[in-house]
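Report on one structure; see the data block that follows.
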Amino acid sequence: MNFELSKSAKARKEMFHAIAENMMRPISHQYDEFEHTEPDEFFQMMWQASKANRESSRVAFEDEEGDGAAPDSLKAKKPSENMLVTAIQIEELSWGDCGLYLSIPNPGLGGAAVGGLGTPEQKKRYLADFYDGEPRWGAMAITEPHFGSDSKQVATTAVRDGDEWVLTGTKIFCTAGERALDKSDGFVVVWATLDKNKGRAAIKSFIVAAGTPGVTVDRVEDKMGIRASDTAVITLDNARIPYDNILGTAEIIEKGRAGFGGVMATFDATRPVVAASAIGVGRAALDFVHETLRDSGIEIHYEASRRQMTVLEREVIEMEAQLQAARLLTWRACWMMDRGERNSREASMAKCKAGAAVTKVTQKAVELLGPMGYSRKYLVEKWMRDAKINDIFEGTQQINQMIVARSILGYSSAELN
Amino acid sequence: MNFELSKSAKARKEMFHAIAENMMRPISHQYDEFEHTEPDEFFQMMWQASKANRESSRVAFEDEEGDGAAPDSLKAKKPSENMLVTAIQIEELSWGDCGLYLSIPNPGLGGAAVGGLGTPEQKKRYLADFYDGEPRWGAMAITEPHFGSDSKQVATTAVRDGDEWVLTGTKIFCTAGERALDKSDGFVVVWATLDKNKGRAAIKSFIVAAGTPGVTVDRVEDKMGIRASDTAVITLDNARIPYDNILGTAEIIEKGRAGFGGVMATFDATRPVVAASAIGVGRAALDFVHETLRDSGIEIHYEASRRQMTVLEREVIEMEAQLQAARLLTWRACWMMDRGERNSREASMAKCKAGAAVTKVTQKAVELLGPMGYSRKYLVEKWMRDAKINDIFEGTQQINQMIVARSILGYSSAELN
Amino acid sequence: MIDFELDEEQQLIKETVTAFAADVVRPAAHDADETGVIPEGLVAQAWELGIIQNSIPEEYGGYGSTPSTVTGTIVAEGLAEGDLGIALHLLSARLVVDAVMHAGSDEQKKEVLPLYCTDKFVSGSAAVLEPQWNFSLSELQTSAKRDGNDYVISGTKCYVPLAKTSPYMVVFARGEEEPIEAFLLKAGTPGVEIGEREGLMGIKACETYPVAINDVRVPASAKLPGSARGLLRRSRVAQSAMAVGVAKASLDYAIEYAKEREAFGVKIAQKQAIAFMLADMAIDVDAARLLNWEAAWSVEHNEDPSREITLARSYTDNAVMTVTDNGVQVLGGHGFIREHPVEMWARNGRGFSVFEGMASV
Amino acid sequence: MIDFELDEEQQLIKETVTAFAADVVRPAAHDADETGVIPEGLVAQAWELGIIQNSIPEEYGGYGSTPSTVTGTIVAEGLAEGDLGIALHLLSARLVVDAVMHAGSDEQKKEVLPLYCTDKFVSGSAAVLEPQWNFSLSELQTSAKRDGNDYVISGTKCYVPLAKTSPYMVVFARGEEEPIEAFLLKAGTPGVEIGEREGLMGIKACETYPVAINDVRVPASAKLPGSARGLLRRSRVAQSAMAVGVAKASLDYAIEYAKEREAFGVKIAQKQAIAFMLADMAIDVDAARLLNWEAAWSVEHNEDPSREITLARSYTDNAVMTVTDNGVQVLGGHGFIREHPVEMWARNGRGFSVFEGMASV
């Protein structure tokens, strides 16, 4: 048992904290206030850093951000701490700005899918040379207007036509979708069904490159928070892509990791990452509370008598406890993945706790700071707006409760739904 | 709009408070500590008081305790405050001791059923002369070992045999069951089915008098709280009762108030009563907290600055707010019933809130009072133990959430379950 | 005798306001939040309802209904159910009118009230909050010192609504005799510096400003002779009623959405996790409303309504945040998109404990 | 490097203790709670596990494992999962042994430790809490005053476990030099009056007593020279681990019950309201355990572990009450009947914030 970060993890933490503090915080307010504008300078800096990092280090930068780490570490034989370090880095970046973190040019969730399910050729084509040239984005398009969590409802169709797939449908909630398709030479991994009557097994994912005729970014959503991040609505109208752009087999297989289950398993890697991001936002708010109190000469006494504690002290301690609970659950989920252990339950526990805790923590921070908390002059109110999405995406709190419940009860999705 | 009790309500409140303070509190600890013993003196006093009251007042005492009040006031044309006054009285009695309140010799829920569904003959036979002679109890037996909230699962059978019904089955959670059957010349209203294949419509209730051969009180449960109240397990083994002892029609009618729906409607009257009882327990704990603080020279300042408030002040204010929320919801449910308005939603809201709030309030009271709160030298820990049942009986918190949800969503039980 | 029924006049007002909120205010809410501008036509239309004029005695040109805190809460809840920011704008006149009616001298009444009885919207303003994280009403930093026949007021205020356009502003300050005193300042009083419009998380439709009060000298007659504490109590109750309106809006929207939206083959409202959340929200809204009614009633009938007000605020401040947060949760990802109003209600809902000023009176 | 894995020895201890708790402790829990008596055979059997002896160095007759706070939390959680009252009884020796090992002088070690290395159960006792509602560890009323070569201790204690039968009692008092000092008192020290066994809401299996300490004079050598604050920190962590054990017991029982019990045609665990409640309980148990592990680890590795301990306590004290209360709720009416242990766990669960003494160190 050990609760100290390794030296290298500490070093990564510091490095990413420096990025967060020096490159993200200074522009955080601006790209929240002016939604749908592009922090080009930040993108360039991150892009150059990623390139440099990629060239100099064994572990690719994009892998460290969770894109490809998951499948790799699942296969890993000897314990690494890739996933844990990923969580730590993402906590730091999200401490800087959660919306900007989600906007960093990289292969993103789309890249993770290619890394996990792609053929060597696909990986080579879409990942190997990703960092060549100008900043690019990869994205993932799952959700459609008529469904949210119930992803077996995918209605976007993929029909084979000779050497091509023809995709038709509408996708929403596609993070970085506009940047991937319209603002860079990126790609989006689109979920579509080969046969609506065959349910989950017929759902496949397809790589759709920027510039594909028939693909339109209809709209970029106005959001409550994480406004620096683009959330696109994408229409595919008889969009033709090469036959080779399907991820995995074109066969409709009912069971196993090659099928829908495999797709769902990527959540085991992405949920702790979202949890870590949530924790970063919560910590930003808590740090600001501590700082403000310190400026007023108030230190939190962790061993004060509970009877004499002010409401303020008690609240701050409870906020910290919630955040630390979420962090340890998240680290455990990462640690298990690093050891090659299946972590669906733990990943959902972490995500569920982190989403709920950080929503509460940031709401409390606004309350505790009163007129300062509610003012857009400071970032606390922004963090409250940023936090809430973490209680929703990559599975709502309720979806994650469901997964935890099924796991502890030993129930199938037919038994508990 | 008016938030002041009427003069007569205030007078009743004071009278019942005096009973609570002088007759219940002094023996509260004893009948909690020595479970399954009989507070005979208290019973005699209450019995004599009821008799006297019954003779002197227009409104029968047992009606005021909710037994018969519901159906009467449902029918009432002009607004009365019977039900509201009932709630106020029960809050006082439960402030005294919730277990003892539930043990007061009276026709109880069984009497309410006879009053609501009985023929004039049945009412005359079981209610009119109820207060003659020695203390007696009426009780209601619904639950069985294999079901709780899902009362359509009644498996106790009633088979007609000439002039008699033959009842067979086991009943649990029968409040005052032992007192009604073994310790007095009382009666129990037993739910049984005429035909297991016909579901709810076939469930009828039957008056089973003390001394009926084949009826045994198997056990009186050891409980967490309300230990003065007897909770009996009753076996009916070919118990024969007169044919006339069925309440309502022997026909199996699918819909309407004559059928199962009518039986369920009694909850509209009993739930606010349970809520009021819960509030009494919660207030007992809160009053004790205030008193203890006052003895230490601490007054709660309702207009203190939130920033300077101690945790203690904040907690006490939140406890009071929860309790008052529950009280107003309860009063509203009663007020509607007094006006002859249907109040199922409001009754469930009151019960749901009161059960949950009082559980929390009493748990907090124990916490705030530390070593005093947890000690059996004082009654706070008892009130915490007493409180919890209010979150459970007459519909658990979850059942009441369900009813509220159906009501606000306009859903049937088939649509939401 | 306990009675939860609105009287006929209250019922009429409720229906009028609720209809106006639904038909006129709600449709304007999204754009007002985004742009910070409330359509003038809407404001004029609202003025025609006569809410403010109604509460002013006939001798000052009003319609002369008895001003009632209970009626006030009904109006506040109703309008805020339409939109909080717009409601705050429309009801801003109350900040001045109620202050003068309840705590003003005869001269002040004669000077001020007729102004609010014309057929054109006139706003009002009040300077209460101060820009410290630990702002507390009971420890105002803004001070008022007696100097001969004058008072000299100094301090910095924030969240001052409609400061730029209102003919009067009521300024709350720590006095020498009372911990809280209120002064009626005319627009353009020298030394009152109104800063740039503030940016807040919510209530974006309603303009608010920081106001610096630099040794502002006012005659003794500018002081409101009545109880400043009483005024703040009334405004705490009115705010609380608005919180109920916001929560109610979110609850109803979430109910409708949950009944429309399908997942896993049923409407999401048919899932216990969602249905029970909605039930708890409904209970919170009803409980908060009843507590607020009791608080409003107590302001009029009890010598010291502080307990009732504090219980109502304590409950409602928590409830409005929980309910509006759950409103977002029920809509899931769609709740996070500004196309739906639930995220705005969560932002607005968070404000109440802030306006409460970490404090009471 | 972050690592959540128990080492081999810890794993072994965990398995041993968990098995003993399930096979021996749990079956005895109900009757021990009802009667207040723990079977002697059980106590002897537990002693044979060597938990206490194991932590004592060989030079004093123990088995000489490195005493570890982490291992301590594993043992405490495991036994408390069987039964809290019995666990407190079985582990009472620690109150003396740990105190002497961590804060005792060589003489005290030599005197006391060998006593706890025999093959017969020996209990220990500690007097910490005091009978005031507002008891606070940082403001002990019991005082210790230096008088020549002696200390004079006065005060009233409560919740003192096994006071009647333990050869030693560690008494915590407000000192003249330090706010908290600890003294090792032998059984029978004149002036120490042990009252009637207390009746508490929970932990009924474990005897506790009020203890009056009437100007008790002890030699200076009775003072534990090490940090009394450090001792209390360790005991806060151990208690917290027990809270996790109690919560875990309730969670597992509720899961089993919910999978057995039918309502409305399905198992109640198949209803979201119950299933999601169980999920939240499971998350709370895991989160509390991780926080406690971190706190225990910090006691050994951090200079100042107060933050970690306080976060763990804050979370766990809340979690154990919520989880055990929900344990009752899942069982509904059956949860209220003493036939099922969930109500006992709720009573036991409520104790932790009380033992925490409204306070920290």
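Small disclaimer: the values here were computed from a predicted structure and weren't measured.
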Counting only N and O atoms by type, is there a donor-acceptor contact under 3.5 Å from the side chain of [X] to the main-chain atoms of [Y]?
X      : Y      : value
C:R338 : A:K223 : yes
A:D150 : C:F264 : yes
C:R347 : A:M224 : no
A:Y374 : C:L200 : no
C:Q329 : A:D391 : yes

Under 4.5 Å from any heavy atom of chain A, what part of [X] do you find: side chain, backbone, both or neither?
X      : answer
C:Q272 : neither
C:E262 : backbone
C:I203 : both
C:H340 : neither

Below 4.5 Å from any heavy atom of chain C, which atoms of [X] appear? Answer side chain, backbone, both or neither.
X      : value
A:M402 : neither
A:I226 : both
A:K382 : neither
A:E33  : neither
A:T359 : side chain

Heavy-atom pairs under 4.5 Å with chain C: which of [options] has the most?
options                : value
A:Q398, A:M372, A:K388 : A:K388
A:K377, A:H146, A:K360 : A:H146
A:R385, A:Q153, A:Q401 : A:R385

Tell me, out of C:E34, C:H334, C:M277, C:Q132, who's got the most heavy-atom pairs with chain A below 4.5 Å.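 Ranked by heavy-atom pairs under 4.5 Å with chain A, first place is C:H334.
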Please determine, among C:G202, C:G335, C:A263, the option with the most heavy-atom pairs under 4.5 Å with chain A. C:G202
Spell out the residues in residues 288-297 of chain A that have some non-hydrogen atom less than 4.5 Å away from a non-hydrogen atom of chain C, in order of number; otherwise answer 'none'. A:T292, A:L293, A:S296
Run the salt bridge (Lys or Arg N to Asp or Glu O under 4.0 Å) test against [X] and tell me which residues pass, sequence neighbours left out.
X      : answer
A:K171 : A:E144
C:E207 : none
C:R197 : none

Where do [X] and [Y] come nearest, in terms of heavy atoms and distance?
X      : Y      : value
C:F336 : A:G225 : CZ-N, 3.3 Å
A:P371 : C:F135 : CG-CB, 4.1 Å
A:G148 : C:R261 : N-NH2, 3.2 Å

Can A:Q363 and C:D325 be said to form a side chain to side chain contact (heavy atoms under 4.5 Å, CB included), step by step? CA-CA 10 Å; A:Q363 287 172 355; C:D325 182 50; 3.3 Å; yes
Taking the side chain as everything from C-beta on, heavy atoms only, tell me whether C:V328 gets closer than 4.5 Å to A:I392.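 C:V328 reaches A:I392 side chain to side chain.
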With a 4.5 Å limit on heavy-atom distance, are the side chains of A:N417 and C:K271 in contact?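 Yes, their side chains come closer than 4.5 Å.
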Is it true that atom NZ of C:K164 has more than 12 heavy atoms of other residues, nucleotides or ligands lying nearer than 6.0 Å? yes
